[in-house]
Protein chains: 4
Amino acid sequence: MKNEKINRRIQIIEDAIQVIVEVGYTNASIGNIAKRAGVSKGVVTYHFSNKEELMRAVVEHSYAMAIPFMEKFMNESDSAQALLRAYIESNLRFIFEHQKYVRAIIEVVSNARTDDGELLYKEEDESIYEPLIEIFKLGQEVEGSFRDFCPIIMAKTVRSVIDSMGTKVVNNDIADMEKTISEIVDTFDFATRKNS
Amino acid sequence: MKNEKINRRIQIIEDAIQVIVEVGYTNASIGNIAKRAGVSKGVVTYHFSNKEELMRAVVEHSYAMAIPFMEKFMNESDSAQALLRAYIESNLRFIFEHQKYVRAIIEVVSNARTDDGELLYKEEDESIYEPLIEIFKLGQEVEGSFRDFCPIIMAKTVRSVIDSMGTKVVNNDIADMEKTISEIVDTFDFATRKNS
Amino acid sequence: MKNEKINRRIQIIEDAIQVIVEVGYTNASIGNIAKRAGVSKGVVTYHFSNKEELMRAVVEHSYAMAIPFMEKFMNESDSAQALLRAYIESNLRFIFEHQKYVRAIIEVVSNARTDDGELLYKEEDESIYEPLIEIFKLGQEVEGSFRDFCPIIMAKTVRSVIDSMGTKVVNNDIADMEKTISEIVDTFDFATRKNS
Amino acid sequence: MKNEKINRRIQIIEDAIQVIVEVGYTNASIGNIAKRAGVSKGVVTYHFSNKEELMRAVVEHSYAMAIPFMEKFMNESDSAQALLRAYIESNLRFIFEHQKYVRAIIEVVSNARTDDGELLYKEEDESIYEPLIEIFKLGQEVEGSFRDFCPIIMAKTVRSVIDSMGTKVVNNDIADMEKTISEIVDTFDFATRKNS
DNA sequence: TATGAATGAGCCTTCATTCAT
DNA sequence: CATGAATGAAGGCTCATTCAT
C-alpha cells in the first residue's frame with residue numbers, strides 16, 4: 001500500500017521528466033504530464049501541491065540518480081591525475097547514458113521562475129565544484145603534479161564541458177561516446193598537468 | 001520615414017532582448033515587450049507578424065552584434081596558438097561585455113518551439129565550429145605545433161566553455177573577468193599544444 | 001464510543017465555525033476545516049455527507065447556543081417595557097460575547113446556496129420576530145404603555161440593530177459594550193413608549 | 001468611439017451587479033458575468049485587469065448612484081428633526097427603489113477577500129456616519145431639541161436599520177414601502193427627541 | 001469508522017492572434 | 001501606420017465528491 005503510493009509519486013516524476021525532455025519545460029503542463037501518466041490532472045496536484053513542488057521533485061530525483069554513479073568511479077583511484085580522469089569519465093558516462101535526467105534538470109533549472117520572474121534556482125550551488133577543487137588542490141599542493149592554475153575557474157571550465165554534453169550529443173553511437181570521453185579526459189589531462 | 005520604421009523595429013528587438021533576459025523567454029509575452037517598449041501590443045504584431053518572427057529577429061540581431069567583434073581580434077594574429085588564444089579571448093570578452101545578447105540567444109534558442117513541441121533551433125549550426133576547426137588543423141597539419149586530438153570534439157569543448165560563461169559569471173568585477181579570460185586561454189593553450 | 005462520535009461531530013462543527021469566521025464561508029472548504037480539526041478530509045465527509053449538511057449543522061449549533069442565553073434574562077421580568085429592555089440587553093450581550101457564532105450564522109445564511117444559485121436560507125424565518133411582537137402587543141393592547149406603532153416593522157427594526165452589532169463591533173472594550181447596550185436599550189425605550 | 005468604450009465598461013458592471021444579486025458574490029464568476037453580458041470571458045478581463053478591480057468598480061458604481069439621490073432630500077430641510085426624517089426617508093426610498101445596487105454592495109463588501117482570507121473592505125468607512133452625527137449634534141447642542149444620547153452609537157443604530165432593509169424587504173408592495181418608511185421615520189423621531 | 005487516492009468541473013488569469021477603424 | 005477591442009484556448013489551482021480499502 002505504502003509502496004504503491006511511493007511508486008505513483010515516482011511514476012509521475014518519471015513521466016514529468018519524459019514530457020519535459022520531449023516538449024520542454026514550458027510546454028510540460030500539469031495536464032500534459034497527467035495525460036502521459038494516464039491519470040487525471042487532479043492526481044498530479046494531489047501528490048504535488050504545486051507545479052513548483054513537482055519540478056523540485058524532478059530535479060531532486062534526477063540528481064539522486066547521478067550521485068551513486070559518480071562515486072563508484074572515484075573510489076577506485078589514487079593520484080590527482082587519475083582522480084580527475086575518473087571524475088570526468090564517470091560524469092560524462094552518466095550523462096551520455098542518462099541524458100534524459102540531465103536534460104530535465106537543465107530544462108527545469110534554467111526555466112523555472114517565481115511569479116515575479118526571478119529564476120527559482122538562481123543561486124548556483126557552488127558545492128558541486130568542491131570535488132573538483134579538492135582534486136586540483138591535491139595535485140597542486142600535495143603532489144605537485146598539477147601546474148599552477150586557479151582551481152575554481154578550472155572547476156567551472158570542466159563542469160561547463162561536462163554539462164553541455166547533455167544537450168550537445170544527440171546520436172547514441174557508442175563509438176562516438178567512447179571517443180568523446182577519451183578526448184575530453186585527455187584534454188583536461190594536458191590542461192592541468194605540470195610539464196617536466 | 002523608412003529610417004523611423006527601422007529604428008522602431010530595432011527598438012522593439014532591443015526591448016524584447018531586455019525583457020527576455022529579465023523574465024525569461026516564457027514570460028516574455030508580446031504584451032510585456034510592448035509595455036517595455038512603451039507602445040501598444042498592436043505595434044509589435046504590426047512589425048512582426050508572429051511571435052516566432054520576433055524571436056528570430058532577436059536571435060539574428062544578437063548574432064549580428066557578435067560577428068564584427070570577433071573578427072577584430074582574429075585578424076591581427078598569426079600562429080595557430082596565437083589565433084586560438086585570440087579567438088577564445090575575443091569571444092569571452094564579447095560575452096562578458098554583451099551578456100545581454102548572449103543570454104537572449106540562449107533563452108530563445110533553447111526554448112522556442114513549434115506548436116507540436118519541436119525545438120525551433122533544433123539543428124545545431126555546425127558552422128560555428130568551422131573557425132576553430134581551421135585553427136586546429138593549421139596547428140596540427142601545417143605548423144605541427146598542436147598535439148594530435150580530434151578537432152571537432154575539441155571545438156565543441158572550447159565552445160562549451162565559452163557559451164557557458166554567458167550564464168555563469170554574474171558579478172561584473174573587471175579583475176575577475178580578466179583573470180577568467182587569461183585562465184581559460186591558458187587552459188586551452190596547454191590542452192592543445194605539443195609538448196617538446 | 002458513542003460519546004466520542006458526538007464529540008467528534010461537535011469538534012468539527014466548532015472548527016468549521018472558527019474557519020468560517022476567519023476566512024469566510026466561501027473559503028471555508030472541507031479541506032480547510034479538516035486541516036483545522038487536525039483530521040483527514042474523509043472524516044468530515046464521513047460525519048457530514050454533504051458540505052450543505054455540515055453548514056446546516058453549523059447554523060443549528062450556533063442557534064442552539066443562543067436560545068438558553070436569551071431566555072435566562074426574559075423570565076425575570078414583568079412589564080412590557082422591562083421585557084423589551086431585557087430582550088434587547090440579553091440579545092446584545094449574547095452577540096457581544098459570542099460573536100463567533102453570530103458571524104458564522106450570518107456567513108452561512110447569507111452565502112449558502114443551492115446549485116442553481118438560490119439561497120438555501122431564503123425564506124426568512126418569521127418566527128424569530130414572535131417574542132418581540134408579543135412584547136409589543138402586551139405593551140400596546142394590554143398595558144397601554146406603548147404608543148401606537150406597527151409591531152412587525154418595529155420588530156424588524158429592533159432585530160436589524162441587534163443582528164448588525166455582530167459585525168459592527170470589533171474592539172472588545174468592555175466599557176464600550178456596556179455603553180452600547182445601555183444606549184440601544186434606551187433608544188428603543190424612547191421609541192416605543194407612550195408619552196404622557 | 002470613446003462613448004462606446006465607456007458604455008461597454010458600464011454595461012459589464014451593470015451585468016455584474018445583476019449576476020451578483022441573482023446568484024451571490026461567490027457564484028458571480030467572470031464567466032457567468034461574461035455570459036450575461038453576451039461577450040467572451042476575455043472581454044471582461046480586458047476591461048478589468050482583475051476580478052478585484054471589477055468588484056471595486058461595482059461598489060463604486062453602486063455608491064455613485066446613491067449619493068445624488070440622498071442629497072436631493074436633505075437640502076430642502078431645516079430643523080434637526082426634519083433633517084433626520086429626511087435623511088432616513090431618502091435613504092430608505094433609495095434602498096427600496098435600488099435594491100439591486102444595495103444588495104450588490106453588501107454582497108461584495110461582505111465577501112470580497114484577499115488571498116489570505118482578509119476582508120477587502122475590512123476597514124469600515126466611518127465617514128458614512130458623519131452626516132447623521134452632524135444632525136444629532138445640531139439637535140443636541142444647537143437646538144436643544146434632541147435628548148442626550150451618544151451620537152456615534154445612534155448613528156450606527158440608524159444605519160443598521162437602513163442597511164438591513166436592503167435585504168429584508170422582498171415584495172415591492174408600494175403600500176408596504178410607504179408604511180415601513182413612515183414607521184421607521186417615526187421610530188427614530190421618538191427615539192431622539194427631548195420630551196417636554 | 002476512517003483514510004488516502006482519484007476525479008472532473010470550475011475559476012481566475014495570461015496570452016497570441018485577429019479585426020475594424 | 002497604429003490602436004484598442006475582442007476572442008478562445010490553455011494553464012495552474014481549488015474543491016466537493018466518490019471510492020476502495
Side-chain angles (χ1 to χ4, degrees), chain A residues 1-2 4-5 7-9 12 26-34 37-55 115, chain B residues 1-2 4-5 8-9 26-34 39-55 115, chain C residues 1-2 4-5 8-9 26-34 39-55 115, chain D residues 1-2 4-5 7-9 12 26-34 37-55 115:
Chain A
M1 197 118 114
K2 183 147 188 205
E4 273 183 11
K5 193 175 67 180
N7 288 345
R8 175 52 68 96
R9 251 187 77 96
I12 292 174
T26 305
N27 297 99
S29 68
I30 288 183
N32 278 347
I33 293 166
V39 296
S40 83
K41 224 168 49 173
V43 178
V44 178
T45 58
Y46 173 76
H47 286 280
F48 305 89
S49 61
N50 256 349
K51 186 178 182 182
E52 184 181 326
E53 201 176 301
L54 170 59
M55 290 307 163
D115 285 342
Chain B
M1 195 100 134
K2 180 142 189 214
E4 271 183 11
K5 193 174 69 181
R8 176 59 70 94
R9 250 187 77 96
T26 306
N27 297 103
S29 66
I30 288 183
N32 280 346
I33 293 166
V39 298
S40 85
K41 224 167 48 176
V43 178
V44 178
T45 58
Y46 173 78
H47 286 280
F48 307 89
S49 65
N50 253 348
K51 188 181 181 181
E52 185 181 324
E53 203 174 301
L54 169 59
M55 289 307 163
D115 285 343
Chain C
M1 196 96 139
K2 177 133 188 223
E4 271 181 13
K5 193 175 66 178
R8 175 59 69 95
R9 251 187 77 95
T26 305
N27 297 103
S29 66
I30 287 183
N32 279 347
I33 293 167
V39 297
S40 83
K41 223 167 53 173
V43 178
V44 177
T45 59
Y46 174 77
H47 286 282
F48 307 90
S49 64
N50 252 348
K51 186 179 182 182
E52 185 180 325
E53 201 174 302
L54 168 59
M55 289 306 162
D115 285 342
Chain D
M1 198 119 110
K2 180 141 188 212
E4 271 182 12
K5 194 175 67 179
N7 288 346
R8 175 53 68 99
R9 250 187 78 96
I12 292 173
T26 306
N27 297 97
S29 68
I30 286 183
N32 278 346
I33 292 166
V39 295
S40 84
K41 224 168 50 173
V43 178
V44 178
T45 60
Y46 173 77
H47 287 279
F48 305 89
S49 61
N50 255 349
K51 186 177 182 184
E52 185 181 324
E53 200 175 301
L54 170 58
M55 289 306 163
D115 285 342

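Residue numbers start from 1 in every chain, and the chains themselves are labelled A, B, ... in the order their sequence lines are given, proteins ahead of strands.
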Work out which heavy atom in Leu54(D) is nearest to a heavy atom in Val44(D); give both atom names and the distance. CD2-CG1, 4.0 Å
Send over the distance from Ile33(D) CD1 to dC11(E) P, rounded to a whole Å. 10 Å
Scoring nucleotides 11-16 of chain F by protein non-hydrogen atoms under 4.0 Å (B base, S sugar-phosphate only, - none) yields SBBBSB
Pull out every stem in DNA chain F, meaning runs of 3 or more consecutive Watson-Crick or G-U wobble pairs with both distances under 3.5 Å. E:2-21 with F:2-21
Got Phe48(A) and Arg9(A) here, is their nearest side-chain heavy-atom distance under 4.5 Å? yes
Taking all heavy atoms of Ile33(C) and all of Ala28(C), pick out the closest pair and write down the distance. CD1-O, 3.8 Å
For the pair made of CG in Leu54(B) and P in dA16(E), what is the distance, rounded to whole Å? 10 Å
Measure the distance from CD on Glu53(D) to P on dC12(E) and round it to the nearest whole Å. 15 Å
Please state how far atom CG in Asp115(C) lies from atom C1' in dG10(E), giving the value in whole angstrom units. 12 Å
Which residue in the set Asn50(A), Ile12(A), Thr45(A) passes side-chain contact (heavy atoms from CB on, under 4.5 Å) when paired with Ile30(A)? Thr45(A)
Check whether any side-chain N or O of His47(A) sits under 4.0 Å from OP1 or OP2 of dG4(E), and answer yes or no. no
Tell me the closest heavy-atom pair linking Ser29(D) and Lys51(D), and the distance in Å. CA-NZ, 4.4 Å
Between Arg8(B) and dC1(F), does any side-chain N or O lie under 4.0 Å from OP1 or OP2? no
Thr26(D): what forms a side chain to side chain contact (heavy atoms under 4.5 Å, CB included) with it, not counting sequence neighbours? Thr26(C), Asn111(C)
Look at Tyr46(A) and dA6(E) and indicate whether a side-chain polar atom (N or O) is within less than 4.0 Å of OP1 or OP2. no
Could you measure the distance from the CZ atom of Arg8(D) to the OH atom of Tyr46(D)? Nearest 0.5 Å is fine. 11.0 Å
Could you list the residues that satisfy salt bridge (Lys or Arg N to Asp or Glu O under 4.0 Å) with Glu53(A), not counting sequence neighbours? none
Report yes if at least one side-chain N or O of Ser40(B) is closer than 4.0 Å to OP1 or OP2 of dA2(F); otherwise report no. no
What is the separation between atom CZ on Phe48(D) and atom P on dA6(F), rounded to the nearest whole Å? 11 Å
